[in-house]
Chemist: 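A single structure is presented below for examination.
Each ligand, and each atom within it, is numbered from 1 in the order the structure gives.
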Amino acid sequence: MLKLENVSKFYYNKGIIASGFTKVNVELKIGEFVAIIGESGSGKSTLLNVISGLDSYEEGEMYVNGKETSHYQEKDFEEYRRKYIANIFQEFNLINSYTVYQNVELVLLLNGYKKHKIKKKILDIIDKVGLTKFKNTKVSKLSGGQKQRVAIARAMVKDTPIIVADEPTGNLDSESAKEIIELLKKVAKDKLVVVVTHNIEQIEDVATRIIKMHDGRIVQNIEKKKIKEEPEITESKYHNITLFNKYRLGVRNTFNIASKFLLLFAVFFFLSASILTEYASFQMSEANTADEGYSIAFRDLSENRIIINKKDRTYFTNEDYEKIKQLPNIDYIVEDDIFIDEQVPIYKDDMSLYGNLLDINNFRGDINYGRMPENDSEIIVRINEEHFYITNRLEELLNKTFSLQGIGGNYNNESTKDLIVVGVQTYKNAGHYDCEFYVSKNLLNELRNDVNKSYSNIKVLLNNKYVQYTVEPNDNVPEGKAIVDDEFKYQFRYNRIRNQPIEISLNNIYYEEVLNLSISNTYTKSNLKRLLGLNEYDSNRNKIFVNTEDYNKLFNKPSYQSSVYVKDVETIDETMNDLQNLGINPKKVTDFKVNQGEASLRIIKIIKVIVTIILIIVLFFISYLIIKIILKSRNVYYATLRMLGATYKNVRRILDIELFINSTLSYIVLLLFIHLVKTNVIHLEYIAQITEYIGLIEYVLMYLVLILISKLISRKFAKKLFKNTTINTYNEEV
Ligand code: ADP
Ligand code: MG
């Protein structure tokens, strides 16, 4: 069966050559029970490893069934081991985290047997070694003698023609040792059993041949009992492990050691969490930069806002607004968009709020405190929930009178309005603390007049000369007349100012208006009260007072420019077309946006990609190192798998599956965690904020990256395991 001719084994260690054994010549037949004895270091184990194909040899020739093996590659030895060899080791080499049954089963699974077909066989063998009672016990809980029996059961179950045992009784008390030898004897029938021992007495009766080694050489080879004819050799049958069993082992390995499972889980969790966090914060700063545009004219740069005015440059009538409202996709109209773009303060002695004025008709939702307004001076304030006024000073806000000091730079006493806050609505938006003041339409109209006034250019033509004087309403002045400062009279010959014409013309970007009046009277310090009902002369100098009706002709105009908000931004272009067809000039407010962010946006994008890639690579190596340490304890397991007949591909696959399951579970838990943060079950402001910026695609991509990383890790790990001969890999790890 086995024949060694001048076989030598050398070890190369850091330039030093050591001899394992030299020029060994021996022939072993099926049916023999061979005992190898000799002092420590004499080369027994080395010889055994070469015979079992666990280690290579450098010189001579070993024949298996008459075939040369000196040209064998690792793959050929793998096949040889699977067909012929079963090993029993001094250190047992069992999978401690598996049960007795699972340990025996493992050999058969690795050699392609189907699980359901081998149950009886395994139980029979466990019975033969007397461990039926312990079949479901984890090996780690067994005694040394029991462990060695498991090892024997495992060696028996595959039914190979050669069984090789290296000091199988070395770690056992004499009682157990005896039992083990008995067992081996039973097994030896029709097989070649080679046993290394330091205790020849134990084995003397059983052995058919005793080989004594000394200093790497065979010094004695006694054939105690002649084995005449070699019976026919039945090679052990094997297939590759089935896919299903690979999964079975992968799943078993995932969970069999709790601490290892949790550590791997933590590594994968940390890995995907940090990549996602890094990516999301980039996405956030990218989004923030993209929004960073500004416009000098417009504050509200919402994507759904369209600025409109009429093509014929006339004002909007109610009819126009009705037509616009009929269009599909219109959310609401703000007639005067200055109110959107201008922030105003409302204040009382000890409190002031900043915000935008809005039409009460556009108010949506419910009031949280107070009630709806009932007249023009009552308003609703919409305010951020986190604004401390709400929680701390609500009673100072509700039903209190605030002043609004005009708008459009038009801050004078006449335009100051008193407003009573009767209702409060709260909203939630981290980082946005602006208020909204919902006021009556009438108040907005009044304010619009003020705005028209402050944005208009007013010229007064007096005695054919343009002069700059302030125009103010006063109902003591008759319609069509003007009462002016007495000082003006010096512009006329003989100071004759009465009944002289005065032309007041106004223009702004939307309209022009001309008022032709005649001067009915002039005021002085002494007659100011009688004529106009005013007290202070000094603050009223150089003014032209006209009747309120006339005054309104100048300033009380409907809106020329409004804003439309669409419901669906996707179809905003269709709405723009519809507006065009109504004789309206529409312009998206975003077109007025000057984006400073373009360049920095591009830089952020590039940095994002680079940093993400670097992070993935760095984390891959960190994870590999950590996982390598975690799996270090598992190297014995994989080396054992290899001894039992697993190929590189098998080991890689089984490891793949284990890491796949673990990483998938950790990813699911991560997603669950994110979900809990998003639904506010777990309060983590920053995480909640940045996860807004990752979508389904990113989550899927992250998962793929995670799987890829776990695959690369298992590949790297498996490669390392198979870099060396089986026994070296094993020895390195023990
Ligand atoms: P035994 O099993 O009889 O105690 P071994 O077969 O383990 O002896 O060792 C035989 C010789 O080979 C010893 O001199 C030992 O130092 C050497 N040897 C064994 N394994 C290695 C190795 N991996 N590298 C270098 N020398 C080794
Ligand atoms: Mg040894």
Side-chain angles (χ1 to χ4, degrees), residues 2 4-26 28 33-60 62 69 74 77 81 85-94 144 147-148 151-152 155 162-172 177 180-181 184 192-204 207 209-222 632 635-636 638-640 642-643 720-734:
L2 276 180
L4 281 75
E5 270 181 13
N6 287 325
V7 176
S8 298
K9 164 77 198 167
F10 303 112
Y11 290 108
Y12 304 95
N13 242 345
K14 291 167 194 155
I16 301 164
I17 301 174
S19 167
F21 58 80
T22 347
K23 305 258 184 236
V24 164
N25 288 289
V26 73
L28 306 172
F33 193 113
V34 182
I36 303 180
I37 55 169
E39 69 271 32
S40 180
S42 56
K44 307 181 297 289
S45 295
T46 311
L47 179 61
L48 222 54
N49 290 339
V50 169
I51 286 174
S52 1
L54 289 172
D55 213 344
S56 55
Y57 60 93
E58 278 71 37
E59 226 178 63
M62 177 168 86
T69 62
E74 174 57 26
F77 277 119
R81 281 204 305 274
I85 306 289
N87 287 95
I88 298 165
F89 301 91
Q90 182 173 1
E91 310 288 339
F92 319 129
N93 291 9
L94 298 169
K147 281 182 187 170
Q148 199 56 289
I152 291 172
I162 304 175
I163 290 181
V164 174
D166 193 352
E167 308 210 27
T169 57
N171 284 332
L172 306 180
I180 294 300
I181 299 296
L184 280 175
L192 166 58
V193 175
V194 186
V195 180
V196 165
T197 180
H198 58 277
N199 190 348
I200 183 66
E201 283 108 66
Q202 275 178 357
I203 208 163
E204 201 140 32
R209 183 192 291 276
I210 295 173
I211 294 174
K212 188 173 180 191
M213 290 191 78
H214 176 73
D215 207 7
R217 289 172 194 276
I218 293 181
V219 289
Q220 231 176 51
N221 187 349
I222 308 165
K632 183 99 186 136
N635 285 2
V636 176
Y638 287 108
T640 308
R642 198 176 160 190
M643 286 183 189
K720 196 185 152 275
L721 278 172
F722 278 79
K723 204 173 60 194
N724 235 322
T725 61
T726 315
I727 197 69
N728 283 346
T729 308
Y730 187 80
N731 287 341
E732 260 171 33
E733 306 308 341
V734 180

Chemist: Show which atoms of ligand 1 fall inside a sub-4.0 Å distance from at least one heavy-atom site of S40.
Modeler: 4 (O)
Chemist: Closer than 2.8 Å to the Mg ion (ligand 2), do we get an N, O or S atom from S45, backbone or side chain?
Modeler: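 Given the 2.8 Å cut-off, S45 counts as a ligand of the Mg ion (ligand 2).
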Chemist: Among the heavy atoms of G216, does any lie under 4.0 Å from an atom of ligand 1?
Modeler: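 G216: no contact with ligand 1 (<4.0 Å).
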Chemist: Decide whether an N or O pair under 3.5 Å exists between G41 and ligand 1.
Modeler: yes
Chemist: Would you mind listing which atoms of ligand 1 come within a distance below 4.0 Å of any non-hydrogen atom of T46?
Modeler: 5 (P), 6 (O), 9 (O), 10 (C)
Chemist: Is the terminal nitrogen or CZ of K720 (NZ for Lys, CZ for Arg) located under 6.0 angstrom from the six-membered ring centre of F722 and within 45° of that ring's axis?
Modeler: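 No, cation not above the ring by the 6.0 Å, 45° rule.
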Chemist: I'd like to know if S42 contacts ligand 1, where contact means a heavy-atom distance under 4.0 Å to any ligand atom.
Modeler: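 Yes, that is the case, since the closest heavy atom of the residue is under 4.0 Å from the ligand.
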Chemist: When you compare ligand 1 with G20, is there at least one nitrogen or oxygen pair between them that comes in under 3.5 angstrom?
Modeler: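 Checking ligand 1 against G20, no N or O pair falls under 3.5 Å apart.
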Chemist: Salt bridge check: are R642 and E74 linked by an N-O gap of less than 4.0 Å?
Modeler: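 Judged by the 4.0 Å cut-off on N to carboxylate O distance, R642 and E74 do form a salt bridge.
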Chemist: Are a donor atom and an acceptor atom from the side chains of S19 and Y11 found within less than 3.5 Å of each other?
Modeler: no
Chemist: Tell me whether K23 is salt-bridged to E59, with the criterion being a basic N under 4.0 Å from an acidic carboxylate O.
Modeler: yes
Chemist: With no hydrogens and no angle check, just 3.5 Å: does a side-chain donor-acceptor pair link S45 and D166?
Modeler: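 There is such a pair (donor and acceptor under 3.5 Å, judged by atom type) between the side chains of S45 and D166.
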Chemist: Would you say the side-chain atoms of Q202 and T169 include a donor-acceptor pair closer than 3.5 Å?
Modeler: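 Their side chains do contain a donor-acceptor pair, which is all the 3.5 Å distance test asks for.
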Chemist: What atoms of ligand 1 come closer than 4.0 angstrom to any heavy atom of S19?
Modeler: 11 (C), 12 (O)
